[in-house]
A.B. asks: 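The structure is given below, and queries will be raised subsequently.
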Amino acid sequence: MIDTTINFALLLFLAATAFSILRRTTLFSVVMLSGVFSFVSALLLVHLDAVDVAFTEAAVGAGISTVLMLSTLALTARHEAPASRSRALPLIVVFLTGLALIYGTLDMPHFGDPSAPVHTHVAPRYITATATEIGIPNIVTAVLASYRGFDTLGETTVIFTAGIGVLLLLAGTIREPTGLRITAMDHHLVLRVVTKVLIGPILLFALYVQFHGDYGPGGGFQAGVIFAAAFIIYALVFGLEAARRAVPGRAVRWILAAGVLMYGGVGVVSFFFGKNYLDYSALGATATAGQHLGILLVEFGVGMTVSAVMVSTYYAFAGQNRPIGDEEW
Amino acid sequence: MSLDDVLGLFNYWMVIVLMMTGLYIVVSRGNLVKKIVGLNIFQTSVFLLYISMGKVSGGTAPILTGKPEVYSNPLPHVLILTAIVVGVATTALGLALVVRIKNAYGSIEEDEIQTMDLVAESEAETTGHRR
Amino acid sequence: MIAYHLPILQIVVPLIAAPLSAFCRRAGMAWYLALIICAASFAISVALLVRVLDEGHISYLLGNWAAPWGIEYRIDAVNAFVLLIISGMGTMVLPYARVSIADEIEPHNQALFYTCYLLCFAGLLGMVITGDAFNAFVFMEISSLATYVLVALGAKRDRRALSAAFTYLVMGTIGATFFVIGIGLVYMVTGTLNMADLAARLQGLEQNRTALVAFAFIVTGIGLKLALFPMHLWLPNAYAFAPSAVTVFIAATATKAAVYLMLRFLFTVFGTDYNVLGLTLTYMFTPLALAAMFAASTVAIFQFEIKRMLAYSSVAQLGYTVLGISFASVTGLTATMIHLFNHALMKGALFMAVGAIVLRHGAATIDSVRGLGRTMPWTMAAFVAGGLSLIGVPLTVGFISKWYLVAASLESGRWPIAVLIVLSSLIGVIYIWRVIEAAYLEKPPEGRTAREAPLSMLIPTWGLVGANIYFGIDAELTSRVAGAAARLLLWVAP
Amino acid sequence: MSDAGLLTLSLLIPLAGALLIGLTGRHPNLRESVTLATAVLLFATVVALLMRLNAGALPAVVLHEVMPGLSLALAVEPLGMMFGLIASGLWIVNSIYSIGYMRGNKEQHQTRFYICFAIAILAAVGVAFAANMFTLFIFYEVLTVSTYPLVIHKETPEAKASGRTYLGLLLGTSIGLQMVAIIWTWVATGTLDFTKGGILDGKIAAGVAPFLLALYMFGIGKAALMPFHRWLPAAMVAPTPVSALLHAVAVVKAGVFTVMKVAVYIFGVDFLARTGAATWLMWVAAFTLLTASLVALGKDNLKARLAYSTVSQLSYVTLGAALATSMGVIGGSMQIAMHAMGKITLFFCAGAIYTATHKTEISDMDGLGRAMPFTYGAFLIGALSIIGLPPMGGSWSKWYLILAAADTGHLIMIGVLMVSSLLNVAYLLPVVGRGFFAGSDAAPAHGAVPAAGAQVTTGSRLRRIKEAPLFCVIPPCLTAAGCVVLFFYADRLYRLLEPIAKP
């Protein structure tokens, strides 16, 4: 009962947030509320036993997306223009779509019903066989990196595509490094010190998430995001120039591509052992050892690409001709 | 429809409300940033739909503990991890486009942009025919 | 060994080449790499097609995990044919792209452009080859994201490329999300994502309301991606303002892949036994297809920009494709399959010719083609040939498509539709004719100096023109493959 | 040479001709020699084919299979043989005439003109020898497209507008209706081969046969059945050799030939007669026949009048097919030949008058006959043949048509044919009459300003004979003679056509 109550409460809160986003015209609060929405979603996801997803949603939705949106606002506009068009048609379309979905729920298995088809077909094997076939405790990681490892290669490619896309779109308008120190937060001494202290542990945590993904929530994607977050914090506080000196854009671009290559390459290695693509069992002495190594490697590839994409995207946004200054907020 | 049905489906209904709010923001708002935010909400709600169907009553997160336990379905989690990445990739690209549009048009309101395009088009056509 | 791994090599070769090409600092190198990779992909797809025609379907288990648990590649005549179209067109575009891209994209973006191109290429192939519903989504998104970027790169020539790309992004993402919702719902009632397994487990769920809504969402989602009228609004501007080479590529491939996915879900996953399918085809696909054929063709007549005119024509042509689906007969699906191929050829040739005009004149409008019959004779002749094919003049591929389509409608006893098909192709005569008249019967404006397009563009263009004629005269091969694909989709024994 | 080889050669010769004309474009004399040589060679090939046919052979060849069960194939049969002979024979005359006309009027783009001419004749031969409806349709379309540049030859806004009408109507009807009919036939029967007795019998219901027939008949826009006849008068802007090509040699003849082919080999005369599927067609043909004659009566422009005359005369052929008896088929088929000979004469004469005087309106031509006696003499013979008076060939086709009408009991059609002949007299003979008898010698009528280069400007000169260039005068005299010859040798034609009419 308490589960259900928490569930409903969170969902209601989400709905309230969504409506609020709909009504607000100040983009800054829209973006902030969107971050709140993601964060509350993450709470709900934890509640629904999806810890890995929650971790990612929090890092991405509440973290990276918000930073990107704020950067965009700084470069574009603060307010939404008043509506000039009729909203009747969208309302009808959306209403009908919603009705159709509600109609579809009528034959759905009930929430949490263990006899639902999703719990009786396909998935049981993952739960029962992961221990013997893959040999790691985190089933999500097992499915992600091995059973459906090819999807994850696709996912890595998607994020790679986005990274390349942002570079292609924004590279032309990036301010070349001038040598001037445009540091936004020079005068926030406390912040600078705290940041310096924090970045070390954050990076360490990222490494932990990266290599602990087999055992608990985490993995390449989450680690990549945290890794990137450390850099972005560094850039925010010490200025873009400093961050670029630490990790130049070109290096980021290399890592970006190297991650995908690493993932794709591990799959290719299987060929030479006469195995199918992405069959890691050949990589080690035993099948599980091979799986273990394979998962570790591909997760590392994911981590590389994700962190590089996040950093390069941030560079591209923050490096635009109009930099973000903290006094603007 | 029994109370049991209502309780069993209420989760999905709320998720649908969230999805539709997101979709409505996308299609009804002309501000490009807000459209992206709408897309985010739409997609995040779909994530909730997937994860909801993976939940087993009394289950725990699908991380093997060695003890016999009921685990929630890991497959939706995996799918949604992928979907989140796709979502953030789309967001990043969308925002990059917004920045470029602002540079090129000086506006991020769809209506204003469309008006500018229409004007440019009819100008091109009249000069084209005059020549 | 290589033969065994061909299915995955089809995808992995371009997928790994993409990050490799990101290391290239010079556009020339990236271009070479892309060309070699695409040509290799084309060779692989030919080999695959030959193999499936011989031995039926091929299954390849990724990670060696058995089918519903792992991801399976499943290739039969249907997707092997589409793979061939995509890889073939992807290869044809590259020689053409070099000069065109150098002209239309900022220099610092040219190297990465080919990375993006390869990603788009790999994504399209990946969504077609896979036998897993969710995997199809992931690869669809790779290709979509890459396409948004590719379209936006037209901004150097015209800023409208940016807003077109944004609209495309929003509509495309809505479509993809609808698709994901549909997949989720269908997963909910079956517990599986493998298409073959889905087909088996959906049996007996004809009355299930969740499956029904899943069906609706999948169809709508893919409908958005394939620009099914009236969800086509993103398409004209995206095609019109993308760099010319990109327009050629996406016009010839992107919607084809979406049509393939539609076919797969309608006929393989849900199947002809699924009673809602018949209703959807009759009451939704047929009217929408007809509306597309007429509305879009009519709008095309009034376009000033030729690229946009051809884009509207593409919407109309998609109407033909969807109309073929709506007959749900072997002849109808043969028409759809063969038109996928034929339309790629004709639109490829037309957009290539227009791209050459853009290169020389900075724009391709009814105004800028005046007198080009004399100054760019080869380009314009290619346009005429492509236009005749589009209209459906005999001895071109367009005629073959139309033949099957009309035959299908007569076979089903719906002869008014047959008349409508030909009437709409007559509208095509009007807009193609506007261009031809301007090019051949009007004098070029004073002081306009024009040169013929470079050979690197003319040769691929004429290659496609040749294909238009060759496969219009000898349709034996294409109609055999398309027929085999149609029978597979309808579960009819050959 | 084998039959098949000979048949293929009949397509290769004009093709090679077109290429050679293109290559020799810079040397007009050489170019025209190529044209003439091609014409003669082609005619010789066709005559050789005729001999094979008379010897009992049925030359046939499959060129290429386009789709499974659908091939480009040629086969000779009597009807096609007749059309092939007309087209290739008249092409020789037409070529000679073109040379005179094009040079006499110093026309532009002559190379393009001759190339298109050769391709058009290639298409006409293809139509004549097509072994199935699919092949026929393809050559039919090639004919449309290849004659378009001829129609817009002058490239004036008027020519362009007419070209649009020409192409729009012909492509529109053929793709919009005829193609549907062909595919319908294919779906219903699984074949498109021209087969004696037709292929549709038993394959489609008698009730839908009229609809299918309508798709064919209106789809064959070149037969100029009303309301799809507008292209023909519109195409009059073209130079006169083109008009002759359109009206006599290739285009409209290909149209009515296709009508005959469809009636005889697709539907089958018996099937049509039994189901009465063509009854409506008879009325439409009769309507077109009379209406076009009436319109012709009101036209002052000579070529326009002749154009409407053509529309009317073509309907005789359609009528013959619609009567659905062996006599009708023979009468209609003969009409193809007779009208070709008669109408080409008239157009040659019109062109000769234009070349000599640059006059186009009948009201301006008073008294010209006295200056151009050969031209006007030829015109008179052609006109009499069109009207159907002995001893001109045209009388035979009218005769058989009347027999057919009597045969089928449609006596009213006899009346229609009679009235039509009277109308023919009314619009054709005054042209000759005015030429010889009207107008004073003192001044050109109506004070019309003669075009530049006109050779006859004053009454005094009118007394002297002032014909057009020899190349423009000999051809009409030849074809006029042909009209008379056809009267006396009609039995040969009858015997050639007999096999198709007799079951």
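These numbers come from the heavy atoms of this one structure, side chains and all, not from hydrogens, waters or symmetry mates.
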A.B. asks: Please walk me through it: do Leu75(B) and Val118(A) pass side chain to side chain contact (heavy atoms under 4.5 Å, CB included)?
C.D. replies: CA-CA 9 Å; Leu75(B) 185 53; Val118(A) 287; over 6 Å; no
A.B. asks: For Leu68(A), is it the side chain, the backbone, both or neither that has a heavy atom under 4.5 Å from a heavy atom of chain B?
C.D. replies: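 Leu68(A) touches chain B through backbone and side-chain heavy atoms alike.
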A.B. asks: Rounded at 0.5 Å granularity, tell me how far CG in Asp49(A) sits from OG1 in Thr60(B).
C.D. replies: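 Separation between the atoms: 6.0 Å.
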A.B. asks: Report which part of Leu18(B) has an atom under 4.5 Å of a heavy atom belonging to chain A: side chain, backbone, both, or neither.
C.D. replies: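 Leu18(B) touches chain A through side-chain heavy atoms alone.
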A.B. asks: Name the region of Val309(A), side chain, backbone, both or neither, that has any atom closer than 4.5 Å to a heavy atom of chain B.
C.D. replies: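 Answer is neither: Val309(A) stays 4.5 Å or more from chain B.
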A.B. asks: Is chain B contacted by the side chain of Val53(A), its backbone, both, or neither, given a heavy-atom distance below 4.5 Å?
C.D. replies: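 Both backbone and side chain.
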A.B. asks: Select one option (side chain, backbone, both, neither) describing which atoms of Leu89(A) are under 4.5 Å from chain B's heavy atoms.
C.D. replies: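 Leu89(A) has no heavy atom closer than 4.5 Å to chain B.
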A.B. asks: Checking the side chain of Lys34(B) only, and the main-chain atoms of Arg24(A) only, is there a donor and an acceptor separated by less than 3.5 Å?
C.D. replies: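 Checked: pair present.
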A.B. asks: Quick check for you: among Val30(A), Thr156(A), Val306(A), which has the greatest number of heavy-atom pairs under 4.5 Å with chain B?
C.D. replies: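 Greatest number of close heavy-atom pairs with chain B: Val30(A).
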A.B. asks: I'd like to verify something: which residue of Ser57(B), Ala96(B), Ala83(B) has the highest number of heavy-atom pairs under 4.5 Å with chain A?
C.D. replies: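 The residue among Ser57(B), Ala96(B), Ala83(B) with the greatest pair count is Ala96(B).
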A.B. asks: For a quick test of reading the model, state the closest non-hydrogen atom pair linking Ser65(A) to Val88(B) and the distance between them.
C.D. replies: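 The answer is OG-CG2, 4.0 Å.
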A.B. asks: Count the heavy-atom pairs under 4.5 Å between each of Ile80(B), Val17(B), Asn40(B), Leu48(B) and chain A, then report the option with the highest count.
C.D. replies: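 It is Leu48(B).
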A.B. asks: Please determine, among Val51(A), Thr313(A), Ile102(A), the option with the most heavy-atom pairs under 4.5 Å with chain B.
C.D. replies: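 Of the options given, most contacts go to Ile102(A).
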A.B. asks: Should Ile21(A) and Ile25(B) be marked as a side chain to side chain contact (heavy atoms under 4.5 Å, CB included) after you check the CA-CA gap, both sets of side-chain angles, and the distance that decides it?
C.D. replies: CA-CA 8 Å; Ile21(A) 291 172; Ile25(B) 295 175; 3.9 Å; yes
A.B. asks: Please flag which part of Arg125(A) lies under 4.5 Å from any non-hydrogen atom of chain B: side chain, backbone, both or neither.
C.D. replies: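 No part of it gets close to chain B.
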A.B. asks: Tell me whether Tyr105(B) at atom OH has more than 12 heavy atoms from other residues, nucleotides or ligands lying less than 6.0 Å away.
C.D. replies: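 Result for OH/Tyr105(B): enclosed.
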A.B. asks: Taking every non-hydrogen pair under 4.5 Å, which of Leu7(B), Thr91(B), Ile108(B) racks up the most with chain A?
C.D. replies: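 Among Leu7(B), Thr91(B), Ile108(B), the one with the most close pairs to chain A is Ile108(B).
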A.B. asks: Among Ala89(B), Ala61(B), Gly54(B), which residue has the highest count of heavy-atom pairs closer than 4.5 Å to chain A?
C.D. replies: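 The option with the most such pairs is Ala61(B).
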A.B. asks: So for atom CZ, which belongs to Phe39(A), do other residues, nucleotides or ligands contribute more than 12 heavy atoms lying within a distance under 6.0 Å?
C.D. replies: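 Result for CZ/Phe39(A): open.
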A.B. asks: Between Leu44(A) and chain B, which part of the residue has a heavy atom less than 4.5 Å away: side chain, backbone, both or neither?
C.D. replies: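 The side chain, not the backbone.
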A.B. asks: Of Leu95(B), Leu32(B), Leu97(B), Ile36(B), which meets side chain to side chain contact (heavy atoms under 4.5 Å, CB included) against Thr72(A)?
C.D. replies: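 Going through the options one by one, the only one that passes is Leu95(B).
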A.B. asks: Roughly how far, to the nearest 0.5 Å, is the CD1 atom of Ile51(B) from the CG atom of Leu45(A)?
C.D. replies: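 Atom-to-atom, Leu45(A):CG and Ile51(B):CD1 are 6.0 Å apart.
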A.B. asks: Could you pull out the closest heavy-atom pair between Tyr24(B) and Val94(A), with the gap in Å?
C.D. replies: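 Closest approach of Tyr24(B) to Val94(A): CA-CG2, 3.8 Å.
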A.B. asks: What distance do Leu64(B) atom CG and Tyr215(A) atom OH have between them, rounded to the nearest 0.5 Å?
C.D. replies: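 So the gap between those two atoms works out to 12.5 Å.
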A.B. asks: Less than 4.5 Å to any heavy atom of chain B: does that hold for the side chain of Pro124(A), its backbone, both, or neither?
C.D. replies: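 Interface part for Pro124(A): neither.
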A.B. asks: When heavy-atom pairs shorter than 4.5 Å are enumerated against chain B, which of Glu57(A), Met108(A), Met69(A), His119(A) gives the highest number?
C.D. replies: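 The answer is His119(A).
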A.B. asks: Keeping the roles fixed (side chain from Glu109(B), backbone from Ala81(A)), state whether a donor-acceptor pair exists under 3.5 Å.
C.D. replies: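 Such a contact is found between Glu109(B) side chain and Ala81(A) backbone.
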A.B. asks: With a 4.5 angstrom heavy-atom cut-off, which part of Leu91(A) approaches chain B: side chain, backbone, both or neither?
C.D. replies: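 Its backbone and side chain both get close to chain B.
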A.B. asks: At a 4.5 Å cut-off on heavy atoms, which part of Val33(B) comes close to chain A: side chain, backbone, both, or neither?
C.D. replies: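 For Val33(B), the contact with chain A is made by the side chain alone.
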A.B. asks: Glu112(B), Arg29(B), Met14(B), Met53(B): which one forms the most heavy-atom pairs within less than 4.5 Å of chain A?
C.D. replies: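 With the most close heavy-atom pairs to chain A, the winner is Arg29(B).
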A.B. asks: Measure distances from Leu81(B) to the heavy atoms of chain A and classify the residue's part below 4.5 Å as side chain, backbone, both or neither.
C.D. replies: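 Both parts, heavy atoms under 4.5 Å.
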A.B. asks: What pair of heavy atoms forms the shortest contact from Pro74(B) to Ile139(A), and how long is it?
C.D. replies: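 The answer is CG-CG2, 3.6 Å.
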A.B. asks: Within the distance-only criterion (no hydrogens, no angle test), does the side chain of Arg100(B) pair as donor or acceptor with the backbone N or O of Leu169(A) below 3.5 angstrom?
C.D. replies: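 Here the side-chain-to-backbone pair exists.
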A.B. asks: So, taking the atom named NE2 in His110(A) and the one named CG in Asp4(B), what distance separates them when rounded to the nearest 0.5 Å?
C.D. replies: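 So the gap between those two atoms works out to 6.0 Å.
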A.B. asks: Closest heavy-atom contact between Ser45(B) and Phe37(A)?
C.D. replies: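 The answer is OG-CZ, 4.2 Å.
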A.B. asks: Taking atom CZ as the centre, does Phe8(A) end up with more than 12 heavy-atom neighbours from other residues, nucleotides or ligands that are less than 6.0 angstrom away?
C.D. replies: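 Check passes, neighbour count above 12.
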A.B. asks: Shorter than 4.5 Å, heavy atoms on both sides: which option in Val98(B), Thr21(B), Val27(B), Thr82(B) has the most such pairs with chain A?
C.D. replies: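 Most pairs with chain A among the choices: Thr82(B).
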A.B. asks: Rounded to the nearest 0.5 Å, how far does CG of Leu48(A) lie from CG of Asn73(B)?
C.D. replies: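 The CG atom of Leu48(A) is 12.5 Å from CG of Asn73(B), to the nearest 0.5 Å.
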A.B. asks: If you measure from OG on Ser38(A) to CD on Gln43(B), what distance do you get to the nearest 0.5 Å?
C.D. replies: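 The CD atom of Gln43(B) is 11.0 Å from OG of Ser38(A), to the nearest 0.5 Å.
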A.B. asks: Give the minimum heavy-atom separation between Thr56(A) and Ile84(B), together with the two atoms involved.
C.D. replies: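 Looking at all heavy atoms of both residues, the closest pair is CG2-CG2, 4.0 Å.
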A.B. asks: Among Asp151(A), Val93(A), Val31(A), Ile159(A), who wins on heavy-atom pairs under 4.5 Å with chain B?
C.D. replies: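 Of Asp151(A), Val93(A), Val31(A), Ile159(A), Ile159(A) has the most heavy-atom pairs under 4.5 Å with chain B.
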A.B. asks: Check each atom of Ala131(A) against the heavy atoms of chain B and say whether the ones under 4.5 Å are side chain, backbone, both or neither.
C.D. replies: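 Both backbone and side chain of Ala131(A) come within 4.5 Å of chain B.
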A.B. asks: Of all heavy-atom pairs between Val56(B) and Pro114(A), which one has the smallest distance, and what is that distance?
C.D. replies: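 Nearest heavy atoms, Val56(B) then Pro114(A): CG1-CB, 3.9 Å.
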A.B. asks: Using heavy-atom distances under 4.5 Å, tell me whether Arg148(A) contacts chain B through its side chain, its backbone, both, or neither.
C.D. replies: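 The side chain, not the backbone.
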A.B. asks: Under the side chain to side chain contact (heavy atoms under 4.5 Å, CB included) criterion, do His77(B) and Asp52(A) qualify, and how do the steps go?
C.D. replies: CA-CA 7 Å; His77(B) 301 183; Asp52(A) 282 272; 5.7 Å; no
A.B. asks: Does any backbone or side-chain atom of Thr105(A) lie under 4.5 Å from a heavy atom of chain B? Answer side chain, backbone, both or neither.
C.D. replies: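 Contact with chain B: backbone and side chain both.
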